[in-house]
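The structure appears right after this line, and notes come after that.
Keep in mind that this is a model prediction, so the values were computed, not measured.
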Amino acid sequence: MGRKLRELTIKDDFMFGAVMSDPENCRELLGMILGISIDRIEVSKEKSIVYHPEYKGVRLDVYAKDEENTRYNVEMQASRKPVLGKRSRYYQSQMDMEMLQSGRGYEELPKSFVVFICDFDPFGRELYRYTFDMKCEEDFGVELGDTRKIIFLSTQGKNQEEVPKELVTFLEYVKADLEESQKDFHDSYVRRLQDSVQRVKANREMEERFMLLEEKLKEERAEGEKIGQIQGARDMLLKMLEILGEIPEPIRERITSVSEQETLTDWAKIAVQSVSMEEFVKKISE
């Protein structure tokens, strides 16, 4: 049985995107994470998973800019994913490419921040916040000046005395399960997020969007499994044919272009029954 909207917490991609589509929620979160004052935030909805769940390749992240044109990319990470550092590099390059494609020169690239909110410790150092920017290895006093930063937040931190109390409280809220997330965290910002979550859950249109998204993800997973099975059948057939001798390139190309599982199964049976490559080629060509 699929997930229900009422079962989600802030750490779910859809719920996080829905709650952060409110510019005030997003503005205060970014200000808290970065320790800066932001007057105004504009949240992009063009490719949002919340507003366009029917699109393939929708963003799982929140993309925003402020009054100084600084760009922000924020993504919730409920479970550990491989090569998170390279994922951050990809997001950073995506932001740069979108701006360059609009006709701007390199010198016009604005400040940018990529933020991952992780419900795990991405680096195992028990910090609530890990901040990365480009510095010279030979002299840390020399900065590259590329005006970009990558930040990882962790709900598993233990250095409360080194980060703002409100950031720790927010991360405790992210870490909480469904029941715990509804308790009083004695924090005005978390209370506002709790209210936003309840409004999303009570919104019939949001429920329909979430159901549509779940269906699309289910279809994509099924398609991925099918593709994996077909590729496995191709690989197995090619290994079987190698026993008969060198595989002619046209036959190899023909096999790799087949996308029907039934055809590959039939050819595998023929391969087992064939005593030579010539016999196999003749039988599949009949």
Taking all non-hydrogen atoms of both residues, which atom of [X] and which atom of [Y] are closest, and how far apart?
X      : Y      : answer
Arg71  : Pro110 : CG-CG, 4.0 Å
Ile41  : Val43  : CG2-CG2, 3.8 Å
Ser259 : Ile230 : O-CD1, 3.1 Å
Ile150 : Gln92  : CG1-OE1, 3.5 Å
Arg254 : Ser285 : NH1-OG, 3.7 Å
Phe116 : Ser88  : CE1-CB, 3.3 Å

Could you give the distance from [atom1] ([X]) to [atom2] ([Y]), rounded to the nearest 0.5 Å?
X      : Y      : atom1 : atom2 : value
Met95  : Asn73  : CE    : CG    : 5.0 Å
Thr169 : Gln160 : OG1   : CD    : 10.0 Å
Tyr128 : Leu167 : OH    : CG    : 9.0 Å
Met20  : Asn25  : CE    : CG    : 5.5 Å
Ile117 : Leu29  : CD1   : CG    : 5.0 Å
Met134 : Thr147 : CE    : OG1   : 12.0 Å

Any chance [atom1] of [X] has more than 12 other-residue heavy atoms, nucleotides or ligands included, within less than 6.0 Å?
X      : atom1 : value
Arg89  : CZ    : no
Glu67  : CD    : yes
Met211 : CE    : no
Lys283 : NZ    : yes
Glu246 : CD    : no
Phe132 : CZ    : yes
Glu262 : CD    : no

Ignoring hydrogens and angles, state whether a donor on the side chain of Glu75 or Tyr91 is under 3.5 Å from an acceptor on the partner side chain.
yes
Whether the Ser196 and Arg199 side chains hold a donor-acceptor pair (N or O, under 3.5 Å, no angle test) is what I'd like checked.
yes
When you check the gap from the basic side-chain N to the acidic O, do [X] and [Y] get nearer than 4.0 Å?
X      : Y      : value
Asp39  : Arg27  : no
Arg192 : Asp22  : no
Lys282 : Glu279 : no

Any side-chain heavy atom of [X] sitting closer than 4.5 Å to one from [Y]?
X      : Y      : result
Leu84  : Cys118 : yes
Arg6   : Glu207 : no
Gln77  : Arg87  : yes
Val197 : Thr9   : no
Asp146 : Leu109 : no
Thr263 : Trp267 : yes
Glu108 : Leu100 : no
Leu8   : Phe210 : yes

Does [X] use its side chain to pair, donor to acceptor, with the backbone of [Y] at less than 3.5 Å?
X      : Y      : value
Arg234 : Leu264 : no
Lys11  : Lys175 : yes
Tyr130 : Arg125 : yes
Thr70  : Asp66  : no

Transitively linked via ILVMFWY side-chain contacts under 4.5 Å: [X] with [Y]?
X      : Y      : value
Met240 : Leu238 : no
Leu30  : Met32  : yes
Phe280 : Met236 : no
Leu34  : Val62  : yes

Could you go through the side-chain contact (heavy atoms from CB on, under 4.5 Å) check for Ser181 and Tyr173 one step at a time?
CA-CA 6 Å; Ser181 69; Tyr173 173 57; 3.9 Å; yes
Steps toward side-chain contact (heavy atoms from CB on, under 4.5 Å) verdict (Glu162, Arg129):
CA-CA 9 Å; Glu162 298 176 10; Arg129 180 170 56 196; over 6 Å; no
Could you walk me through whether Arg191 and Gln194 pass the side chain to side chain donor-acceptor pair (under 3.5 Å) test, one step at a time?
CA-CA 5 Å; Arg191 190 172 301 114; Gln194 289 172 319; 5.4 Å; no
Please determine whether side-chain contact (heavy atoms from CB on, under 4.5 Å) holds for the pair Leu241 and Ile255, giving the CA-CA distance in whole Å, both sets of side-chain angles, and the decisive distance to 0.1 Å.
CA-CA 11 Å; Leu241 290 177; Ile255 291 171; 3.4 Å; yes
Can Asn159 and Glu126 be said to form a side-chain contact (heavy atoms from CB on, under 4.5 Å), step by step?
CA-CA 7 Å; Asn159 62 325; Glu126 299 183 340; over 6 Å; no
On the ring face of Phe185, is Lys183 found with NZ or CZ under 6.0 Å from the centre and within 45° of the axis?
yes
For the residue pair Phe113 and Tyr72, categorise the inter-ring angle as parallel (less than 30°), tilted (30 to 60°) or perpendicular (more than 60°).
parallel
Yes or no on salt bridge (Lys or Arg N to Asp or Glu O under 4.0 Å) for Glu242 and Lys239, after CA distance, side-chain angles and deciding distance?
CA-CA 5 Å; Glu242 286 173 355; Lys239 287 180 180 179; over 6 Å; no
Show your working on salt bridge (Lys or Arg N to Asp or Glu O under 4.0 Å) between Asp12 and Arg3 and close with a plain yes or no.
CA-CA 11 Å; Asp12 181 87; Arg3 299 180 303 163; 2.3 Å; yes
